[in-house]
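Read the structure below first, then the notes.
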Amino acid sequence: LEGKLKEETENKDEGYLMQEYREGSFKRMITLPGEVDHEKIEAELVDGVLKLTLPKLPEVMPKRIEIK
């Protein structure tokens with residue numbers, strides 16, 4: 001995950017004007033387990049929240065056994 005942050009702040013009052021600028025970048029790395037299907041990974045950003053969907057490979061999914 002990699003991104004950039006840019007923020008501007010401005011305060012006006014009698015006799016002065018104050019402006020601040022912030023800028024920077026960030027990078028986060030996560031190690032994925034080997035059981036993740038890398039071809040089907042999905043990412044969604046909504047209201048500043050990043051949602052990652054990491055589906056497991058079919059061979060590591062739990063199996064259902066029918067009881068007779």
Holding to side-chain hydrogen bond (donor to acceptor under 3.5 Å, both in side chains), I want the full list of residues that pass it with Glu10, two or more places apart in sequence or in another chain.
Gln19
Side-chain cluster (under 4.5 Å, hydrophobic types only) that Val49 belongs to, other residues:
none
side-chain contact (heavy atoms from CB on, under 4.5 Å) against Lys4, all qualifying residues, sequence neighbours excluded
Ser25
Could you tell me the separation between the NZ atom of Lys40 and the NZ atom of Lys56, rounded to the nearest 0.5 Å?
15.0 Å
CD of Glu2 to NZ of Lys27, rounded to nearest 0.5 Å, is 5.0 Å
With sequence neighbours left out, the residues meeting side-chain contact (heavy atoms from CB on, under 4.5 Å) with Arg22 are Glu7
Contacts of Glu20 that satisfy side-chain contact (heavy atoms from CB on, under 4.5 Å) - sequence neighbours left out:
Thr9, Met18
Side-chain heavy atoms under 4.5 angstrom apart, residues restricted to Ile, Leu, Val, Met, Phe, Trp, Tyr: same cluster for Leu45 and Phe26?
no
Please report the C-alpha distance between Leu57 and Val36 in whole Å, then the side-chain angles of each, then the deciding distance to 0.1 Å, and finally whether the side-chain contact (heavy atoms from CB on, under 4.5 Å) criterion is met.
CA-CA 6 Å; Leu57 290 167; Val36 173; over 6 Å; no
Name all residues meeting the side-chain contact (heavy atoms from CB on, under 4.5 Å) criterion together with Lys51; count only those two or more places apart in sequence or in a different chain, and write none if there are none.
Glu44, Thr53
How long is the gap from CG on Leu1 to CG on Leu50, to the nearest 0.5 Å?
6.0 Å
Could you grab the distance from atom CD1 of Ile30 to atom CG of Leu54, nearest 0.5 Å is fine?
6.5 Å
